[in-house]
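These notes are about the structure you will find just below.
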Amino acid sequence: MQPLSRRQMAWRAAQDLPEGAYVNLGIGLPTLCGDYIPPGREIVFHSENGVLGTGPAPKKGEEDSDLINAGKQLVTLVPGGSYFHHNDAFLMIRGGHIDIALLGAFEVSEKGDLANWITNDPTATPGVGGAMDLAAGAKEVRVLVEHITKEGEPRLKKVCTYPLTAPGCVKRIYTNFAVIDVTPDGLVVREMADGLDLAALQKLTEPRLTLANDWKKLTAPAM
Amino acid sequence: MQPLSRRQMAWRAAQDLPEGAYVNLGIGLPTLCGDYIPPGREIVFHSENGVLGTGPAPKKGEEDSDLINAGKQLVTLVPGGSYFHHNDAFLMIRGGHIDIALLGAFEVSEKGDLANWITNDPTATPGVGGAMDLAAGAKEVRVLVEHITKEGEPRLKKVCTYPLTAPGCVKRIYTNFAVIDVTPDGLVVREMADGLDLAALQKLTEPRLTLANDWKKLTAPAM
Amino acid sequence: MIDKRVPDLAAAVAGIKNGATVLCGGFGAVGEPIALTEALLDLGIRDLTIVANNAGTGEIGIARLINEGRVRKVICSYPRTTDPRAFEAAYKAGRIELELVPQGTLSERLRAAGAGIGGFYTPTAAGTRLAEGKETRVLDGKTYVLEKPLKGDVALIAAYKSDRWGNLVYRKSARSFNPVMAPAADMTVVQVKMIVDLGSLDPEAIVTPGIFVDRVVMVR
Amino acid sequence: MIDKRVPDLAAAVAGIKNGATVLCGGFGAVGEPIALTEALLDLGIRDLTIVANNAGTGEIGIARLINEGRVRKVICSYPRTTDPRAFEAAYKAGRIELELVPQGTLSERLRAAGAGIGGFYTPTAAGTRLAEGKETRVLDGKTYVLEKPLKGDVALIAAYKSDRWGNLVYRKSARSFNPVMAPAADMTVVQVKMIVDLGSLDPEAIVTPGIFVDRVVMVR
C-alpha cells in the first residue's frame with residue numbers, strides 16, 4: 001500500500017480548490033495546502049484574524065511581526081489583499097461568504113458530523129477558536145485527516161465519539177488512503193491509494209463505504 | 001411676553017451642549033444649533049449617514065456633493081472627523097455612544113414620551129428615518145419644540161395623541177417659552193421667557209408644571 | 001484570473017428576475033447606484049421589492065423604476081426624502097406597498113443577512129406602533145424587539161474605486177448603506193467611477209473586500 | 001479642547017477596580033496591549049475577568065497577570081495558543097475559571113454590547129456541547145443559539161496611530177479584536193506607537209473613531 005504523506009495529502013486537497021474560490025485553511029495540516037495551488041490559479045485565502053489574501057511565508061529579512069495567520073505563523077499579503085477586524089472576519093465566515101473551509105479533524109461521522117476541537121481527555125485544556133464558526137458557516141466544509149490514529153483506530157466513525165464541532169457539515173474527506181464524499185447515501189469512495197481495495201479500506205473505516213463507479217487511483221507527486 | 005425665535009431656541013439649546021460631547025442634531029430646527037456653539041468649545045457632531053465631525057455648510061465653490069448630513073444638506077468635515085458605514089453609524093446610536101440627541105418633536109408627554117415621526121393624518125406618507133434609534137439609543141434625549149401649535153394647542157401633553165417614537169426618553173425640553181426638565185416628579189420649569197409667569201405658562205401646557213426654586217429668565221441674544 | 005469587471009450595464013444586471021428583492025445602496029441620491037438601478041428597466045422586469053433608505057428622489061434611479069410601474073413594494077426608513085414625488089404618487093394611488101423600518105433596524109437587518117445571524121433583539125421601536133405584531137422580550141431589564149435578517153436577491157452598490165477583485169472604496173458620506181448591503185445579497189453588482197490596478201488600493205483602507213462583490217462596471 | 005492623551009501608563013489605567021471585566025485586544029501576542037495589561041499589576045487589583053481571544057502567551061501581558069494571581073476568570077476562544085504555560089498551570093491547579101466561547105461568537109457578543117443589541121441568534125455551536133444550557137431556536141428552518149452581549153468595564157486596546165480625539169488606525173493583522181472591543185466597554189484605554197496631529201489621519205481610513213476611546217497613551 002502507498003498511503004500519501006502529509007504534504008501529499010495537502011497537495012491532493014489543494015488540486016480541488018477552484019479558480020476564484022475564497023478559502024479558509026484550518027490550522028496545521030490544511031495550512032500546507034497553500035503551498036500546492038496549481039500555477040496560474042487565483043485563489044483568495046481568508047484568515048479569521050482579519051486578513052483576506054494571505055500569501056506564503058515571508059522571505060528571510062522581510063518578516064513583519066504584525067502580519068500573521070490564524071495559526072499565528074508569519075505570512076505575507078498578496079496584491080489585492082485587505083485587512084479588517086474580527087467582526088468582519090466572522091461575518092465572512094458565518095454569513096456563508098467563504099466558499100470552502102478546509103479543516104483538520106479528530107473524527108468525521110458518516111453523516112458528516114465533524115469533531116475537531118476537543119477529545120475526551122478530561123485533563124486537556126479545551127480550546128475551540130474559530131472551528132465551530134467555520135464548520136457552521138462556510139459554504140462547503142472539507143476535511144483533511146489521517147485515515148487512522150497512531151493506534152490504528154479509524155477516524156471515520158458511524159457516530160463521533162468526541163464532542164462535535166458541528167453536525168452534518170462535512171462534504172468531502174481527504175485522507176492518506178482515500179478521497180471520500182459524504183452523501184445522503186453514506187460515504188462514497190472517489191479515490192483510493194495504490195494497493196488498496198474497498199475491502200481493505202473498509203477494514204480501516206467504521207461506517208460502510210461505497211465505491212464510486214468512476215473511482216480513481218489516489219496519487220500525488222513525490223515530495 | 002417675549003417668546004424666543006426659532007434661531008434663538010437653537011441658540012439656547014446649543015449653550016447647554018458641553019465641551020467634548022458627541023451630539024446628534026435632528027433634522028430641521030435642531031440642525032441650527034450647530035451655528036451657535038460658544039467659541040472655543042469642542043463638540044463632535046454625529047450624522048447618522050456615516051459622518052462624525054460634521055462642520056458648517058461649505059463656502060460657495062467648495063461644495064462636495066458626496067458630503068451631506070442626515071437632513072441631506074451639504075456640509076463639511078472638521079479636522080479629526082471620520083467616515084463610516086450605516087451599521088457603524090447606528091452602532092454608535094443604539095450602543096449609547098451618542099451623549100446627546102437633540103431632536104424635534106410633535107408632542108412630548110409628562111413622562112418624557114416622544115412623538116416626532118407621524119401625525120394622525122391617514123393621508124400622509126409615513127417616514128421614521130433614524131428617529132426611533134436615536135430616541136431609544138442616545139445617552140440623553142433633549143427636545144427642541146415650539147411650545148404650542150399654530151392653532152394654539154399645547155405640544156406638551158399628559159399623554160401623547162400621536163404614535164410614539166419612544167416611551168420615556170426625553171430629559172429636557174427647549175421651547176420658545178421655557179426650558180423644562182422631565183423628572184420623576186413631573187415637568188419642572190427651569191427657565192421662562194420674559195413676561196410669563198407659571199400660571200400663564202401652565203395655560204399653554206397640558207400636564208402640571210412645577211417651577212424650580214432657582215428658575216431663571218429664558219433669554220437669548222437678538223438675532 | 002479573478003476578474004469581476006463586466007463591460008457594460010447590460011452585463012452588470014443580466015439575470016435579475018421578475019419579483020426580485022433588490023437592495024439599493026446610498027442615502028437619498030448620494031451614493032445611490034442610479035445607472036445600475038435604471039439598467040433594470042431594459043431587462044423588462046417588474047414586481048420588484050426595493051430595499052433602500054429612501055424611496056427615490058425626483059425622477060431618477062428608484063423613482064424612475066416606480067414611475068414605470070416596476071416596483072411592487074418598498075422597504076425603507078424614510079420615503080419622504082427630498083422630492084419624493086414618484087413614491088408619493090404611487091403610494092397615494094395604492095399602487096405600491098410600503099414596509100417602514102427604522103433606519104438602524106434596516107441597517108442591522110441587512111447586516112444580519114450578510115453575517116449569518118438568524119435574528120436579533122433591538123431596543124429600537126419597543127413600545128411603538130412599528131413593533132406591533134413583533135415578538136418583544138425583556139432582557140437584562142430592558143425591552144427589545146426581535147428583528148429578522150433582510151436578504152436581497154441582488155444588491156446594487158455605488159462605490160468610488162474598485163480593482164478587478166472587486167475591492168471597494170467609497171467617497172465621504174456616499175459610503176452609507178453601500179458597504180452594509182454588499183454582503184447581504186446573493187449577487188452584488190457595483191458601479192464605480194474608476195477601476196484601478198490590483199494592489200493599488202491601500203489594504204488598510206479597503207472598505208468592502210472583494211469577497212462580497214460579484215460584478216463591477218465602470219460608470220463615468 | 002478634546003484631548004484624550006494621558007501622560008503615562010499609570011494615568012491610563014487609573015480607576016480600574018478589583019473584580020473588573022477587562023477586554024484585552026489582539027490575537028495571541030499580535031495586537032495585544034501588553035504595556036496596559038501589565039500596568040494593571042501596579043494598581044494592586046485582583047479578581048479580574050479577562051476577555052480575549054487567547055489566554056496569554058509566555059510570561060507577558062495576560063500571562064503575567066495570571067502568574068501573579070490577579071485573574072479569576074478568562075473568557076476566550078482558544079487558551080492553547082503559542083506558549084500557554086501561565087494559563088495551563090493555573091487552570092490545571094484549579095486557580096482559574098474558563099468560559100470557552102467560539103471565536104466568532106465572542107466577537108459578535110462584544111459587538112452586541114457595543115451596538116446596543118440585547119441578544120442574537122447564531123448558528124455557531126448549535127448541536128454541540130458549547131450550546132448546552134443555552135436557548136436554541138429554529139428560525140427559517142435552521143437551528144440557532146441565543147447569545148447575549150458581553151460588555152467590559154474597561155477595554156485595553158493596542159493601535160498603531162492616534163490623534164488627540166482618539167481616532168485610531170492599526171497595522172495589518174494587529175487590528176483583529178481591537179476595533180471590536182473599543183465600543184464594548186464603559187471605558188476604553190488605548191496604547192499607541194505614535195500620536196499624530198488632529199486632521200492628519202485620513203478620514204476615509206480611520207478604523208476606530210474617537211467616540212469609542214477615552215484615554216490614549218503612547219508606548220514606544
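Protein chains get the first letters and strands the later ones, always in sequence-line order, with residue 1 at the start of each.
The part of L146(D) that comes within reach of chain C is its side chain, from C-beta onward, which places non-hydrogen atoms under 4.5 angstrom from that chain. Contact of K172(C) with chain D is made through backbone and side chain together, with heavy-atom distances under 4.5 Å. For I117(C), the parts lying near chain D are the backbone and the side chain together; criterion is any non-hydrogen pair under 4.5 Å. Only the side chain of E108(C) comes within less than 4.5 Å of a heavy atom of chain D; its backbone N, CA, C and O stay farther away.
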Q.
Is there a side-chain contact (heavy atoms from CB on, under 4.5 Å) between I157(D) and L168(D)? Walk through the geometry before answering.
A. CA-CA 10 Å; I157(D) 299 299; L168(D) 305 180; 4.2 Å; yes

**Q.** Candidate pair R70(D) and I66(D), rule side-chain contact (heavy atoms from CB on, under 4.5 Å), full reasoning
**A.** CA-CA 6 Å; R70(D) 308 303 182 88; I66(D) 292 173; over 6 Å; no

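Under the rule for a salt bridge (charged side-chain N to carboxylate O under 4.0 Å, His left out), the partners of K73(C) that lie at least two apart in sequence or sit in another chain are E97(C), E99(C).
Heavy-atom minimum distance, P79(C) versus L98(C): CG-CD2, 4.1 Å.
Note: G118(C) leads G104(C), G118(C), A205(C) in heavy-atom pairs under 4.5 Å with chain D.
Using modelled atom types and a 3.5 Å distance limit, the side chains of E135(D) and Y121(D) yield a donor-acceptor pair.
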